[in-house]
Amino acid sequence: MSSRIESERLSNSLAELDQLKNWERRPRGDMRVDLEPMGDLARRLGDPQNSFRIVHVAGTKGKGSTCALIEVGLARAGFSVGRYASPHVMHITERVSIDGSPVGEERLADALGAALAAFKDARREATGGQGATWFDILTVSAFLIFRSERVEWAVLETGLGGRWDSTNIVQSDVAVITNIDLEHTEILGKTRAAIAFEKAGIIKRGATVVTLLPEADEAGAVVSARAAELGCAVRRPTVPADATIEQRNVAVAGAVLDVLGKMGVMTKGASAMSEPLGEQLLDPSTIEAARLPGRLEKFAVDTSHGDNAKVNVVLDGAHVPFNLAAVLSDLSQEEKYRAPCIAVMSIAEDKDAAGLLSMMTRHDISIIFTTAGARSRSPEQLKAIADTLGLLSIVMLDPLEAYQEALAGATELGAWVLVTGSLYLVGIIRSA
C-alpha cells in the first residue's frame, strides 16, 4: 500500500516497530485495558503531550476529515498546528503533519529512535512501557515531534475506541465525538451505547464536548451522561437531516473553532485585528485545503478509448455500512454519478461485509472483488454474499488488474468507477 521509504533509518526503525503488536494488522478480538504502557513511555520522554494544547477527536467515521478541517482552521488563525491521524493511505509520514504537511522521513526516524530507546529501557527495567504496542510507539513519537517543532495546538485522532486508545493520555481543551455506529463490536461492544461509552472515554474534566449525537439518541445520552459526570459543557451543532458528509464534518469543525473562540482563543498575525476563533475561519478555500486522500476523492481518468473517453473515478475508503450509504447518497446528488457504477472493492475480515454490500443494492452497481493485504476477506466469499443479495460481481485477485478492468468496462458502458471498502485498497490504486 505505501509509497517507498527513502530513509534507511526510518526503514530500520519501522522494521523494529513491526516486531511489536500491531492491532491495525491483525484480526481484532482482544485489546489491552490500560494506558500504563503509554504513560510509562511518555514519562520516560518528559511527557511531551503536555507541551501544546489539544483537540481530541473520536467517532466511528469522519474523524480524519474533521481533524483536517480543525487543523486548517487553526492554521488560518495563525497558529502552528500538528495533526496525528490514522491509518495512512500512501506513506506512513501522512500520520504526523506539521502545519499541513507530512513530517519528513528523517524527522520521523529521529522520534521513533527516541521512543524505541525508551521502550527498550522499560523492557530492561520491567516497567509498564514493556507492554507498548506498535501504535503506542508511533503515538508517543508524534508527541515528541510536536514538542520539538513547538506546535501550539495538536489535533489528535483516536486509533480505535477512545478510553484505552494510545492517544488518551492527553488533557484536551475540546473532546469531539463525531458519530457512533456499530464497528469493532468484538472489542468496543455490541450496541451503540456500549461503543459510545468507549469513545466518551476521551472526555476529561475541564474540556468542552462537541458532538452531532442528539441527546435523545442512545449513544448521545451516554456522551451527555459522561460530560455531566465530569462537569463538561456539550455543544451540539445543528445540521439538516439531508446534510452531506462534508457538511456534517464542517459543522463539527466550525463548532470546535467557535468553542475555542468562546474560551478566549484569539486569531494571531500582524495583518489584521485579533478576533475570537470561530466557524468563519472555514471559508470555501480553507475547506478545499483540508481535503484528505481517499476520502470522497474525485477525478476523471483519460482512458483514450473511443473518442478520448474520460471515466469519472471516486476513491473512498468507506468500510462501515452507514458510511458507505452516506457516500453513495452524497454522490447520487451529482448528475455524473447517477449513471451505472462499477465498484472495485476489498473488505477486511473484521468488517461487516453483508452490511456493506446490502448498501449497494439500492444503487445500480456491479462489483469487481479483489484483495488488499493480509487482512482482506477472500474475494470468492464476498462474491458468494453478493450473489445472495442479487448483486452482479466478478473476482480479480490483482487490485491493479481489477481497476483496469473497471475502467475498460466503464468506458464501454458510460459508467463511473468507485474504489471502496478499504483505505489499503485505495492506497494501492492511488499509488498506481
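Residues: numbered from 1 along the sequence shown.
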Please list every donor-acceptor pair under 3.5 Å in which a side-chain atom of residues 414-422 meets a protein atom from a residue at least two apart or in another chain.
{"unit_1": "Trp416", "atom_1": "NE1", "unit_2": "Tyr337", "atom_2": "O", "d": "3.3"}
{"unit_1": "Trp416", "atom_1": "NE1", "unit_2": "Ala339", "atom_2": "O", "d": "3.1"}
{"unit_1": "Thr420", "atom_1": "OG1", "unit_2": "Asp316", "atom_2": "O", "d": "2.8"}
{"unit_1": "Ser422", "atom_1": "OG", "unit_2": "Tyr424", "atom_2": "N", "d": "3.1"}
{"unit_1": "Ser422", "atom_1": "OG", "unit_2": "Leu425", "atom_2": "N", "d": "3.0"}

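- Using a 4.5 Å heavy-atom cutoff, the side chains of Thr370 and Pro379 are not in contact.
- Shown here are the side chain to side chain donor-acceptor pair (under 3.5 Å) partners of Asp387, two or more places apart in sequence or in another chain: Lys383.
- Counting only heavy atoms from C-beta outward, the side chains of Val81 and Val151 never approach each other to under 4.5 Å.
- For Arg248 against Pro240, the heavy-atom pair with the smallest separation is NH2-O, 3.8 Å.
- Scored by the side chain to side chain donor-acceptor pair (under 3.5 Å) test, Gln333 finds no partners at all (sequence neighbours excluded).
- For Asp121, the salt bridge (Lys or Arg N to Asp or Glu O under 4.0 Å) test picks out Arg124, with sequence neighbours left out.
- Using a 4.5 Å heavy-atom cutoff, the side chains of Thr178 and Thr60 are not in contact.
- Sorted by first and then second residue, the ring-ring contact (aromatic ring centres under 6.0 Å, His included) pairs with a member in residues 343-389 form an empty list; sequence neighbours excluded.
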Quick one, Ile177 with Val57, criterion side chain to side chain contact (heavy atoms under 4.5 Å, CB included). Give me CA distance, side-chain angles, the key distance, then yes/no.
CA-CA 6 Å; Ile177 296 166; Val57 182; over 6 Å; no
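- Considering only residues two or more places apart in sequence or on other chains, Glu401 meets the salt bridge (Lys or Arg N to Asp or Glu O under 4.0 Å) condition with none of them.
- Scored by the salt bridge (Lys or Arg N to Asp or Glu O under 4.0 Å) test, Glu335 finds Arg338 as partners (sequence neighbours excluded).
- Between Phe135 and Tyr84, the two ring planes are tilted [angle within 30° to 60°].
- When the side chain to side chain donor-acceptor pair (under 3.5 Å) test is applied to Arg377, no partner is found at least two apart in sequence or on another chain.
- The residues Asp47 and Arg43 are annotated as not salt-bridged, no charged nitrogen and carboxylate oxygen being separated by less than 4.0 angstrom.
- Remark: Asn179 engages no residue in a side chain to side chain donor-acceptor pair (under 3.5 Å) (not counting sequence neighbours).
- Shown here for Gln49 and Ala42, the closest heavy-atom pair between the two residues is OE1-CB, 3.6 Å.
- By the salt bridge (Lys or Arg N to Asp or Glu O under 4.0 Å) test, Arg163 pairs with Glu198, sequence neighbours left out.
- Note on Lys120 versus Glu16: salt bridge recorded, some NZ/NE/NH1/NH2 to OD/OE distance being below 4.0 Å.
- Using a cut-off of 4.0 Å between Lys/Arg side-chain N and Asp/Glu carboxylate O, Lys61 and Asp181 are scored as not salt-bridged.
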Donor-acceptor pairs under 3.5 Å, side chain of residues 212-226 to any protein atom, not counting sequence neighbours: which ones?
{"unit_1": "Asp217", "atom_1": "OD1", "unit_2": "Arg192", "atom_2": "NH1", "d": "2.9"}
{"unit_1": "Asp217", "atom_1": "OD1", "unit_2": "Arg192", "atom_2": "NH2", "d": "3.2"}
{"unit_1": "Asp217", "atom_1": "OD2", "unit_2": "Arg192", "atom_2": "NH1", "d": "3.4"}
{"unit_1": "Asp217", "atom_1": "OD2", "unit_2": "Arg192", "atom_2": "NH2", "d": "3.1"}
{"unit_1": "Asp217", "atom_1": "OD2", "unit_2": "Ala219", "atom_2": "N", "d": "2.8"}
{"unit_1": "Asp217", "atom_1": "OD2", "unit_2": "Gly220", "atom_2": "N", "d": "2.9"}
{"unit_1": "Glu218", "atom_1": "OE1", "unit_2": "Ala193", "atom_2": "N", "d": "3.2"}
{"unit_1": "Ser224", "atom_1": "OG", "unit_2": "Gly220", "atom_2": "O", "d": "3.2"}
{"unit_1": "Ser224", "atom_1": "OG", "unit_2": "Arg236", "atom_2": "NH2", "d": "2.7"}
{"unit_1": "Arg226", "atom_1": "NH1", "unit_2": "Glu229", "atom_2": "OE2", "d": "2.8"}

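- Not one N or O on the side chain of Asn249 forms a donor-acceptor pair closer than 3.5 Å with the backbone of Leu69.
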Kindly list each side-chain donor-acceptor pair under 3.5 angstrom involving residues 101-108, sequence neighbours excluded, with atom names and distances?
{"unit_1": "Glu105", "atom_1": "OE1", "unit_2": "Glu6", "atom_2": "N", "d": "2.9"}
{"unit_1": "Glu105", "atom_1": "OE1", "unit_2": "Ser7", "atom_2": "N", "d": "2.6"}
{"unit_1": "Glu105", "atom_1": "OE2", "unit_2": "Glu6", "atom_2": "N", "d": "3.2"}
{"unit_1": "Glu105", "atom_1": "OE2", "unit_2": "His91", "atom_2": "NE2", "d": "2.8"}
{"unit_1": "Glu106", "atom_1": "OE1", "unit_2": "Arg9", "atom_2": "NH1", "d": "2.4"}
{"unit_1": "Glu106", "atom_1": "OE2", "unit_2": "Ser7", "atom_2": "OG", "d": "3.2"}
{"unit_1": "Arg107", "atom_1": "NE", "unit_2": "Glu149", "atom_2": "OE2", "d": "3.3"}
{"unit_1": "Arg107", "atom_1": "NH2", "unit_2": "Ser148", "atom_2": "OG", "d": "2.2"}

